[in-house]
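Chain letters run A, B, ... following the sequence lines, proteins first and then strands; every chain starts at 1.
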Number of protein chains: 2
Amino acid sequence: MMFERVLIAEDQESTSISVRKTIEDLKIVASDYVFYCDDAFARIQKAIKTGQPFDLLITDLSFEEDHHVQKIVDGAALIKAAKDEQPGLKVLVFSAEGKSAVIDVLIKDLGIDGYVRKARHDAKELKLALEAIAEGKKYFPAQMKVLMKERNTYDFTSYDTTIIALLAGGVKQKEIPKHLDDQNIKPSGLSSIEKRLNLIREVMSFSTNEQLIAYCKDFKII
Amino acid sequence: MMFERVLIAEDQESTSISVRKTIEDLKIVASDYVFYCDDAFARIQKAIKTGQPFDLLITDLSFEEDHHVQKIVDGAALIKAAKDEQPGLKVLVFSAEGKSAVIDVLIKDLGIDGYVRKARHDAKELKLALEAIAEGKKYFPAQMKVLMKERNTYDFTSYDTTIIALLAGGVKQKEIPKHLDDQNIKPSGLSSIEKRLNLIREVMSFSTNEQLIAYCKDFKII
DNA sequence: GCTTTCCTTACGGGAAACCGTAAAGCGAGA
DNA sequence: TCTCGCTTTACGGTTTCCCGTAAGGAAAGC
């Protein structure tokens, strides 16, 4: 049983058009689309009030900022808000984002039903995902699992990425303890930070912090 | 006088579909589309041989790698190869890339005719760009000029990027002179390298090398 | 030929980062 | 409460990096 009412939140007009086309191909007539998260949330609320809630939300993750100031600024926040309002709402994420950590959170914390990466054959995948979710299944493509494995050379904890992000932001090592204290992150001792960095470099066979930063940028860890 | 023969190089199927739709709306019937740069180049060559060369190439910048190994891996290289083969070919870049100094290179070195950023209203912009280029004009939206102004004034020389790339590769500063000597790059003195890095950091208001590496990765300078 | 100027290199003091070791904290369990 | 085990911190010695100054060297101009 295919969906009846679908909402598309996607800021790239060109992508939005394609998604709508895919939806139409599946004979779904009651779809709606928006370019801003706040609009999406408003539509969801209104649909509930009028007794015709959406069955499915298809949303991007990153929305570009513009003059139009928004309360909800990205897809993750939109999903959270939407689920609070309508827990049974199915959610399909359609994004160019490839970072496994991000997607992991979406699955575990927000309970999304599917994920399609913007890439070659994404339109076909979108269709497959819609069909799968309509049948009550989840849809997470194989290539994603591959990505998760490939990136597993070392598990960067949020502690690691915090430190690395500070370094990349120009903060000197010996000043990192202050920053961590401000955020109530422990351990905050300089030695602990040194040790942690040393461990990471050793495991990854890096000789310098510069190399580490380059790696993290390449793999979108920060 | 609108284009007659248009080639679309875009790896995201969903985006490709939209671009094709826009093209059709403009009554262009002889369009062709591909998902890989190598295919695009082959089509261009073939079209020349059969006496029906393309008028316009619409291309993305970044193409995702997959099992299919390619000689040409990104849009910039494709444009270069295409222009070598057919100097008169008009080129419109359609990409999500927003900040990069790469765009500057595209305009100055590759002589592209237009640039449309994947964002809200990109489909409408695409249409405007096509009309402008068809009239022999260039199309670079206002928002990009702002970005170009905001862009940092520092020009990274190939010397700079060589050094920075070495750092990002894990080479220690004091070992860089050897590497430069091996490549017959002068100056190779440690002091010169230190001075150079110091200058860059000062101009860009960076406090550490880590921050510099992060910046260069973000802006695809290395 | 001889400055002048600019660029490169050499050197040295001081700061930061690196790394091993030892001490201090802290929770779990007897 | 005390001990055990683990984690965090503190503290040195060493290396590397940072940065100012001065010496060397080549090209341009008079």
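- In terms of the side-chain contact (heavy atoms from CB on, under 4.5 Å) criterion, residue partners of B:Ser191 (sequence neighbours excluded) are, by chain and number, B:Glu194.
- In this structure, B:Gln86 has no side-chain hydrogen bond (donor to acceptor under 3.5 Å, both in side chains) partners at least two apart in sequence or on a different chain.
- Take A:Glu175 and apply the side-chain hydrogen bond (donor to acceptor under 3.5 Å, both in side chains) test, not counting sequence neighbours, and it matches no residue.
- A heavy atom lying under 4.0 Å from DNA chain D marks none of the residues of residues 167-183 of chain A.
- Contacts of A:Asp74 classified as side-chain hydrogen bond (donor to acceptor under 3.5 Å, both in side chains), with partners at least two apart in sequence or in another chain: none.
- Pairs engaging residues 71-93 of chain A under the ring-ring contact (aromatic ring centres under 6.0 Å, His included) rule: none recorded [sequence neighbours left out].
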Please tabulate, one pair per line, each protein N/O and nucleotide N/O from nucleotides 9-11 of chain C that are separated by under 3.5 Å, including the distance.
unit_1 : atom_1 : unit_2   : atom_2 : d
C:dT9  : OP2    : B:Ser188 : N      : 3.2
C:dT9  : OP2    : B:Gly189 : N      : 2.8
C:dT9  : OP2    : B:Ser192 : OG     : 3.1
C:dA10 : N7     : B:Ser191 : OG     : 2.9
C:dA10 : N6     : B:Ser191 : OG     : 3.2
C:dC11 : N4     : B:Ser191 : OG     : 3.2

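- In this structure, A:Arg43 is not positioned above the aromatic face of A:Tyr33 in the sense of NZ or CZ being under 6.0 Å from the six-membered ring centre and within 45° of the axis.
- Listed by chain and number, the residues in a salt bridge (charged side-chain N to carboxylate O under 4.0 Å, His left out) with B:Lys83 amount to none (sequence neighbours excluded).
- The bend of the helix from C:dG1-D:dC30 to C:dA30-D:dT1, defined by the angle between the axes of its first five and last five pairs, stands at 10° to the nearest 10°.
- Counting only residues at least two apart or on different chains, the ring-ring contact (aromatic ring centres under 6.0 Å, His included) pairs with a member in residues 167-207 of chain A are A:Phe206-A:Tyr215.
- Every residue two or more places apart in sequence or in another chain that forms a salt bridge (charged side-chain N to carboxylate O under 4.0 Å, His left out) with B:Glu10 is listed here: B:Lys118.
- Here A:Asn209 reaches the OP1 or OP2 of C:dC18: one of its side-chain N or O atoms lies under 4.0 Å away.
- For A:Asn198 and C:dC19, the shortest distance from a side-chain N or O to OP1 or OP2 is below 4.0 Å.
- Partners of B:Lys138 by side-chain hydrogen bond (donor to acceptor under 3.5 Å, both in side chains), not counting sequence neighbours, listed by chain and number: B:Asp113.
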